[in-house]
Every structure is written in structure tokens, then in C-alpha cells.
A.B. asks: 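Dropping a structure here in C-alpha cells format, bear with me for questions.
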Amino acid sequence: MIELSPRFDFNEVDEKWSKFWVDNNLFHARVNPDKNSYTVLIPPPNVTGILHMGHALNNTLQDIMIRYKRMRGFETLWMPGTDHAGIATQNVVERQLAKEGKTRHDFSREEFLERLWAWKREYGDTIIHQLKKLGASCDWERTRFTMDDGYSLAVRSVFVRLYEKGLIYQGEYIINWCPRCQTALSDEEAEHRDLQGNLYYLRYPVKNEENAFITVATTRPETMLGDTAVAVNPKDKRYKAYIGKTVVLPLVNREIRVVADEFVDAKFGTGAVKVTPAHDPNDFAMGRRHGLDFVNIMRPDGVLNEQAGDFEGMDRFEAREAVIEELSELKLLEKIEPHTHAVGHCYRCHTVVEPYLSRQWFVRMGPLAKPALEAVRKGKIKFYPSRWTKVYLNWMENIRDWCISRQIWWGHRVPVWYCAGDGQCKLACKEPIVSPTVPEKCPHCGSTNLKQDEDVLDTWFSSWLWPFATFGWPLEDKGSKELAYFYPTSSLFTAPEIIFFWVARMIMAGFEFMGDVPFSDVYIHGTVRDAKGRKMSKSLGNAIDPLEIIREYGADALRFSLIINSGQDLFISKEKFEIGRNFANKIWNASRLILMRVSSAGAGFDLEKINTKALDLPSRWIISRFYATLEKVTGAVERYRFSEAESLIYEFFWNNFCDWYLEVVKDRWTDENVQRVALGVLEKSLKMMHPFMPFVTEELWNRTQEGKGSLCIQGWPAFSRKLVDKEAERNMDVLLGLVSAVRTVRTQWNINPGQTVPCQLIVRTKKAAAFLDENLAMIKNAARLETVTITEKAAVKARDAATVLVGEIKCVIPLSGIIDVDKEKKKILAQALEQERALEGLQKRLQNKEFVTKAPAEVVAKEKERSVALQAKVRELKQVIASLE
RNA sequence: GGGCGGUUAGCUCAGCUGGUUAGAGCAUCUGAUUUACAUUCAGAAGGCCGAGGGUUCGAUCCCUUCACCGCCCACCA
């Protein structure tokens with residue numbers, strides 16, 4: 001007798017097995033020529049903090065696939081790790097410092113970085129610990145961090161290689177500047193949000209002409225202080241006369257030219273544009289085209305500088321008000337119109353970004369994008385669901401150069417040194433020294449007085465190397481055993497917002513440095529939102545902590561509930577986790593029942609070797625149901641349809657196995673075959689459910705299948721076609737229908753559920769009678785019937801009894817009441833009529849010569865088949881109607 | 001401005017190549033339960049499948065127009 005508590009105590013079980021799996025090193029992958037590899041690389045979580053629900057979803061999906069593939073016999077590698085997440089992590093540490101009343105400038109660069117490493121050590125460990133709690137079957141020995149020594153070497157090498165190929169360049173451009181973080185941002189890091197702003201119409205007096213103005217419209221009037229031209233469309237008749245003339249920029253009294261440029265849209269605003277080359281990307285381009293001056297009016301912190309004259313020292317928004325006020329006094333403000341437009345915000349601190357002129361490093365993306373586009377177009381990389389393919393292609397086709405330098409301290413420092421020289425070779429020394437290792441001296445003048453570039457690289461400039469840098473590249477290259485075995489990896493699981501940041505860039509890096517795709521499948525999952533549809537976030541305070549759910553409902557419940565809700569975006573509230581908890585408990589209790597009832601007879605017995613001929617109908621049925629479910633589940637997992645897989649499992653285990661099979665055999669536990677089937681189906685089910693709910697299944701596996709070793713390294717159940725018994729399923733359906741119909745009758749007539757009732761089953765064939773006879777005990781028991789008589793003719797008049805029709809079996813329960821037989825008949829008649837009409841249409845089509853000759857042969861054949869089936873169906877229905885008469 | 005997705009029961013969603021009576025979970029209601037599980041069981045009620053048009057013998061499903069919601073992208077100042 002094995003004692004199990006009636007409640008699944010997940011806390012103890014979760015703890016036990018996550019420790020066991022790690023202690024026994026069950027997830028370590030090695031190069032194994034006898035097996036195919038299946039590799040998944042974790043999207044490394046940021047070391048900014050603890051894991052949120054999105055991580056829980058992302059990692060559960062990966063774990064399901066990895067555990068499934070492991071059971072299918074692949075050498076599976078799931079590479080774990082964390083990302084240093086440049087700006088994001090620096091921000092959280094700076095916020096921590098702010099609480100102490102300090103800024104990073106109170107520290108030296110080294111001291112500040114030490115704070116960051118301390119943070120990383122703490123949170124990096126927490127994240128790994130949390131992944132283990134979730135049940136993630138990662139190869140923990142390989143845990144990587146994007147700033148590990150080896151990884152850093154990869155980052156520097158890549159920089160050098162691209163630089164030498166001419167794909168990295170440095171230049172002055174307008175970039176997205178966050179005045180709060182005081183760093184450049186990439187285009188992807190500037191989030192555009194619609195803001196209600198104003199369109200200000202400013203008048204610029206024409207030089208030497210009384211009362212002549214050109215009116216320009218702008219959303220950022222303060223930038224007028226940096227204007228160096230006014231532009232109009234060359235075709236715009238209104239302004240033709242002004243082209244080449246000079247206007248006087250108010251407030252600063254700078255004389256600026258009126259230039260003609262095709263870019264200007266005559267229809268927008270006034271058709272005249274103020275040109276601020278240092279503060280707007282379009283104006284910058286125009287400035288280049290027309291050789292204009294670049295006047296930078298702003299300091300890096302968003303405060304106006306000495307170029308702003310009287311406005312020096314004002315914050316940009318403060319200056320906006322002041323400029324407008326002064327222009328208004330000068331009567332140079334024509335009007336203000338409300339205007340909604342998209343404004344970039346820093347993706348980390350949400351400050352409005354400023355288009356800012358500065359010297360930055362860029363990657364030329366065009367050449368890199370080419371093979372990456374081809375790979376997806378040709379299907380070498382597939383997106384699941386496929387609609388994301390278009391999103392990817394669209395971005396790649398319009399790709400722009402990537403600004404990779406950041407003016408922060410946390411990250412990979414740009415591997416570029418400048419010779420501060422001894423004055424001997426000024427010319428040569430202007431050339432930067434680009435090297436993966438710290439250069440000892442200037443190659444030109446030999447000076448050892450070298451200064452490294454102050455900037456660090458965009459965090460994604462390291463992440464994009466994840467698929468191979470994690471394997472020790474470039475010290476290990478394509479020829480290395482590990483890379484040859486595990487690269488390209490198999491599937492990538494990630495969120496839609498990461499497609500541009502990461503997925504696309506990994507594909508480009510894969511081709512550039514490894515000459516091959518980094519992975520073949522990309523699975524894009526939904527976003528976890530709260531019940532109101534808002535994205536879960538710490539700042540909104542609507543986040544549900546996965547650890548809290550694990551504590552209250554268990555890791556299996558968290559995993560199961562998340563996945564079954566994961567079709568598209570997930571709308572999660574706490575109650576949603578009950579389904580997983582209840583299901584885990586159901587599995588627990590079904591196993592408990594079996595353990596209590598089964599002697600040693602079922603142990604060590606393999607379902608596949610069973611002689612089905614000796615089994616009763618419910619047993620054949622449940623075995624068949626299992627294999628049918630197994631096949632569908634396997635197919636669903638292979639197609640990344642995880643929620644579908646879970647629904648199938650849920651329905652099978654709960655509705656078929658527990659509610660029917662275990663109920664039906666309740667009184668027959670002494671039957672050895674019942675024991676064998678119950679335990680056999682449980683054994684296979686535990687395997688099938690393991691990738692989804694690893695803890696409860698591992699625990700029960702060890703309780704029911706002692707000595708076989710850990711469940712996570714067992715084989716995935718083999719599908720057995722011969723055990724799918726369609727006839728048993730059909731027959732059982734009839735019985736289930738019968739029982740269910742009787743139950744309905746009982747409810748309708750308010751018969752005490754405990755009370756057994758007499759019943760007459762009327763059948764039309766001897767075969768059906770024999771079939772009922774065979775399963776009489778079960779029917780009686782399940783439907784709570786007594787004195788069931790089976791006859792081939794109706795012996796009771798319909799109006800004296802409740803009559804139910806199930807297939808060809810008519811069930812008559814003598815009662816003081818009438819069931820409306822006419823209604824039943826009408827229903828079937830309507831059905832028959834519809835089928836007949838369908839048949840008619842079909843036959844019409846089949847007689848159509850054009851259709852028969854022109855349509856593909858398979859289609860015609862299929863239609864013929866359908867026609868035959870329909871005919872049979874119609875005939876059958878007519879018979880049923882006749883039997884009702 | 002461009003693109004994508006959604007609209008199915010009170011709520012959250014399935015419904016994968018068009019075909020019996022459109023499903024599930026939660027919530028509601030009725031009843032059961034000394035017998036693995038109240039985190040249980042049996043049952044009920046609840047749907048012109050967003051609106052219009054089209055294709056078809058037949059449309060939740062395909063085409064088209066529209067409405068509303070959401071997301072992504074975009075240098076009209």
C-alpha cells in the first residue's frame with residue numbers, strides 16, 4: 001500500500017526534482033555522433049532584475065520543446081545565459097545610486113563598473129535560480145553571460161572584422177539622443193508615440209524688404225535658434241521669387257539663405273521649411289546637400305548652449321515657451337495650431353529623445369542584409385506563425401545603418417584606440433587603432449600613450465553573436481567539433497518586439513561570421529498582458545510575479561496554464577492558473593487511485609504488448625483514445641501548436657481516462673487486465689504529459705515505475721497504429737451516448753440520482769443486441785439502470801415512456817410522462833432533407849462535363865467518394881425515420 | 001500614411017484545407033457525493049460566429065466593402 005496525500009503537494013515535489021535533475025546532470029549535452037542534435041539558445045534575460053511572466057512563457061515553451069526532443073532521442077542542448085543589457089542595467093543601478101543621493105559621476109568609471117558587476121552577480125544568479133524553479137532543462141554547465149571574457153573577445157573580433165571590411169564607420173550624423181541617459185540610441189530604441197503638440201507658424205523677415213516675411217511651420221520652435229536656411233520646393237510658385245534671397249533669423253539675427261529642395265512638400269504647413277541641420281535628420285540631409293552650416297544649440301543634457309544666445313542655460317522645453325513668447329512680442333508668431341505627431345521616446349527611461357548631431361560608430365547594414373533576406377525568402381529560415389515572415393522582410397528591405405556606439409559605461413568598450421602621441425607623427429596618428437586586444441603601442445609612431453574610445457557598444461552588438469559566441473567563437477571556429485555539431489541551432493523562441501532588435505541581426509551575423517543560418521525555425525509567441533489588455537510591467541504595478549504563482553499553485557500549474565492560454569496575446573489574471581493547478585491535482589489523484597488498487601500485476605507491463613482480443617470494450621477504447629491523442633499531440637508539438645497539444649492532453653486524461661475509464665472499471669479492479677490497462681495508460685500518459693508538466697509527472701513516474709530511472713530521459717511513447725481501434729471508439733461512443741441520454745432523461749424527469757430505474761433497449765439487429773448484451777453491466781452501472789431488457793421490437797408504447805434514440809438503439813424508460821417523439825423525428829427529417837440537398841448539388845456537379853474533365857482527378861475522385869458517403873447517410877437517416885414510425 | 005492581427009456564450013478563448021446538432025475553461029443555475037480528487041461528479045441555461053454584399057447545393061471558415069479594437073512600422077517640418 002502506498003500512501004499518497006489527496007492533495008498534490010507541489011512545493012516539496014518541485015524542489016526535490018529540480019535539485020535531482022541538476023545534481024544528476026541530466027541536461028548536459030555533448031557531441032554525440034550517434035544522435036542528431038537539437039539545439040535551442042535561450043533569449044538571454046536581461047540582468048536588470050527578476051523574471052516576469054513573459055520570461056515564464058518564453059522559457060516554458062522552450063522547455064516543452066527541449067524535453068520533447070530529448071525524449072524523442074535527440075542530443076538536446078538548451079544553452080542558458082544572461083544579457084548585460086547595457087543601458088537598461090546601467091539605469092537600474094543608477095536609480096539605486098540615486099536613492100543613496102549619488103550619481104555615477106560621484107564614482108570613477110572603474111568604481112561604477114564594480115557596482116554594476118556586483119549587481120550582475122546578484123541578479124544573474126537569481127535569474128538562473130528562477131529558471132530552475134520553472135523546471136527549465138538547460139545545460140547549466142554552459143551558462144553564458146554576454147560579458148564573459150570569451151564572449152567579449154568575440155564582440156571585439158567582430159568589430160575589427162567589420163571595420164576592416166569597411167562595414168563599420170564613424171561619422172557625424174543625427175542620431176536619437178536621450179538627454180536623460182545622455183547617450184545615443186539606435187532607431188529601434190527610440191519608441192514613437194503620438195503626442196498632442198502644436199504646429200507653430202513663425203515669420204522670418206526677408207532682408208532689405210519692408211514687411212516681407214516667409215512663414216515657416218514647426219513643432220519644435222526652439223530649434224529655430226539653430227536654423228541655417230529656409231527651404232522651399234523649387235516648383236512652388238509662391239516662393240519662386242525668394243529662392244536665393246536672404247532672410248533674417250529672428251532672435252539671433254543670423255542671415256540665412258532661402259534654398260530650393262525637392263524634399264519640401266508644398267502642401268504641408270506653409271510650404272516653407274526652416275532648416276536646422278544639427279537638430280533634425282531631414283534638415284541634416286538638406287544641410288549636406290546645400291553646404292549649410294551646422295549650428296548645435298544644445299548640450300548633451302538637453303539644456304541650450306552658448307549658441308542659443310539669451311536662451312543659454314534653459315532646458316529645451318523651457319526654451320520652447322520662451323522662444324514663442326519673444327516671437328509673439330515681436331509679432332513674428334503668426335499662429336499656433338494643435339497638431340498630433342509621433343515623438344520618439346527613450347525605450348528605457350521614456351524621456352523624449354532629441355535628434356542630435358554627434359560623432360558615432362555605425363554598421364553599414366546593406367551588405368549584411370542581403371544573404372539574411374535570401375535565407376528567409378527561400379525558406380531556409382521559417383517563422384511560426386508564418387505571418388511574421390512579412391514583418392521581417394519588410395524591415396530588412398528597408399534596413400538602415402545601425403548606430404552602435406553608446407555613451408554609457410556598462411558594456412563592451414569600443415575596441416578602438418587613439419594615439420595621444422608624442423607629437424612626432426601627427427598625421428598618421430589620426431588614424432584609429434582598431435584591435436581585438438589592447439595594443440601596446442601606436443603602429444605609426446610607437447608611442448605608448450594610447451587612449452581607448454570612451455564609448456561602449458550597443459548591447460545588441462553582443463547579443464547578435466549569441467548563436468556562436470556562446471560556443472567559444474572565434475577561438476573555436478566552424479571547424480570545431482562543438483560548433484559543427486550544434487550549429488546551426490534548431491529553433492528560436494522569442495517575442496515579436498525582438499524580431500528587429502535581435503532575430504534579424506542574428507541571422508545577419510550568422511551568415512557574415514559562420515557562413516550559415518543561425519537557426520532554422522523562429523517561433524514568435526504572444527505578449528503577456530493583464531486582464532485589461534495592458535502589457536504587464538513593473539511600473540504599471542499590474543505584473544503577476546511568476547514566483548508567487550509557483551508558490552501558490554506550483555510550477556506545473558504555472559506552465560500548463562500559461563501555455564493553454566497562449567494562442568495569441570495572453571490576458572492573464574490570477575484565477576487563470578487554477579486550471580493548471582486542478583489538472584495537476586487530477587493527475588495526482590488518478591495516479592493515487594491506481595496505486596491504491598493495482599497489485600503488482602500491472603507493474604512492468606507494456607501496453608504495446610497487450611492482447612487486445614482479451615480486453616473489454618472500455619479498455620480497448622481507452623487504449624485507442626490514448627494513441628489517437630498521442631498522434632495528435634505529437635503533430636501539434638512538431639508544428640509549434642502548444643496550446644492545442646495541451647487541450648488534447650487535458651481532454652484525454654480528464655474526460656476520457658478519469659471520467660470514463662476509471663469510473664467504468666471502478667468495481668472491477670480485481671481483473672488483471674483492468675489493472676494492466678489502467679497502469680499502462682497512466683505510464684504512457686505520464687510520458688506524454690512530461691514536457692508540459694515535468695514535476696508532477698516525474699514524481700508519479702517514480703512512484704509507479706520504480707527502477708526505470710528519471711522520466712525526463714525516457715523515450716517518447718511510440719505511436720501504434722494497430723492499437724487505434726476505430727470500431728471500439730464507435731461502439732463506445734454509442735454506449736456513452738446512451739448513458740448520457742439516460743442521464744438527461746433522469747434529470748428531466750427529476751428521478752432521484754440514487755434510484756435505479758427499469759429500461760428497455762430496442763434494437764433492430766441481432767448484432768446490436770449482442771453488443772449491448774456484452775456491455776450490459778457497464779451500461780447499467782453508468783446509467784443507473786435496473787432490469788434492462790433488450791428486445792428487437794418495441795414492447796412499450798412511446799407515450800408511456802421516455803424514449804431516447806442513440807444511433808440505431810432506442811432506449812425506452814417506462815415513465816409517467818411523455819418525451820416528444822415528434823420533435824426527434826422533425827430533427828432527423830430536417831437533417832435528412834439537408835443531406836439530400838447536398839447530395840443533389842454534388843450529383844449535379846458530377847454530371848457537369850466541364851467539371852469532370854477540367855478539375856484535377858483527385859478532386860473529382862474526392863467528390864465521388866463524398867457522393868457515395870452522402871448517399872449512404874441519406875439512406876441511413878431514412879431508415880431511422882422509418883423505425884420511428 | 002503603410003502593414004499586420006482581432007471581432008464566436010456574461011468573461012477569456014478554440015474552431016488547422018468550407019460539410020452532421022459551432023466547442024472548452026471560468027462565472028451562473030439545478031442536483032450528487034461514507035467509496036482517488038469539492039482543486040470532484042452529473043446536468044441545465046446561455047451564440048442571427050461584428051455589419052453589408054458576393055462565390056457555392058451548402059459559409060464562422062473563401063472573396064469584397066465597411067465599422068470598431070489592438071499592435072508594428074514611417075524623416076512631412
A.B. asks: Does the side chain of A/R597 get closer than 4.0 angstrom to OP1 or OP2 of B/A36 through an N or O atom?
C.D. replies: yes
A.B. asks: From C-beta outward on A/D194, which listed nucleotide comes closest to its side chain: B/U40, B/A74, B/A36?
C.D. replies: B/A74
A.B. asks: Return one dot-bracket line describing RNA chain B 5' to 3' (Watson-Crick or G-U wobble pairs, both distances under 3.5 Å; ( ) same strand, [ ] crossing, | another strand, . none).
C.D. replies: (((((((..((((.....[...)))).((((((....).))))).....(((((..]....))))))))))))....
A.B. asks: How many Å lie between NZ on A/K274 and P on B/C76, as a whole number?
C.D. replies: 16 Å
A.B. asks: Please name all residues satisfying side chain to side chain donor-acceptor pair (under 3.5 Å) with A/W402, sequence neighbours left out, ordered by chain then number.
C.D. replies: A/D458
A.B. asks: Roughly how many Å is it from CZ in A/F657 to C1' in B/A36, rounded to a whole number?
C.D. replies: 12 Å
A.B. asks: Can you sort out which residues in residues 383-395 of chain A have a heavy atom within less than 4.0 Å of RNA chain B? Ascending by number, please.
C.D. replies: A/R387, A/K390
A.B. asks: Rounded to the Å, how far apart are A/D569 CG and B/G70 P?
C.D. replies: 13 Å
A.B. asks: Would you mind telling me which residue lines up with the more 5' stretch of RNA chain B, A/F8 or A/R220, judged by nearest nucleotide?
C.D. replies: A/F8
A.B. asks: Kindly state whether the ring of A/F362 and the ring of A/Y173 have centres lying under 6.0 angstrom apart.
C.D. replies: yes
A.B. asks: Would you measure the distance from the P atom in B/G31 across to the matching atom in B/A45 and give it in whole Å?
C.D. replies: 16 Å
A.B. asks: Any side-chain N or O of A/K267 below 4.0 angstrom from OP1/OP2 of B/A77?
C.D. replies: no
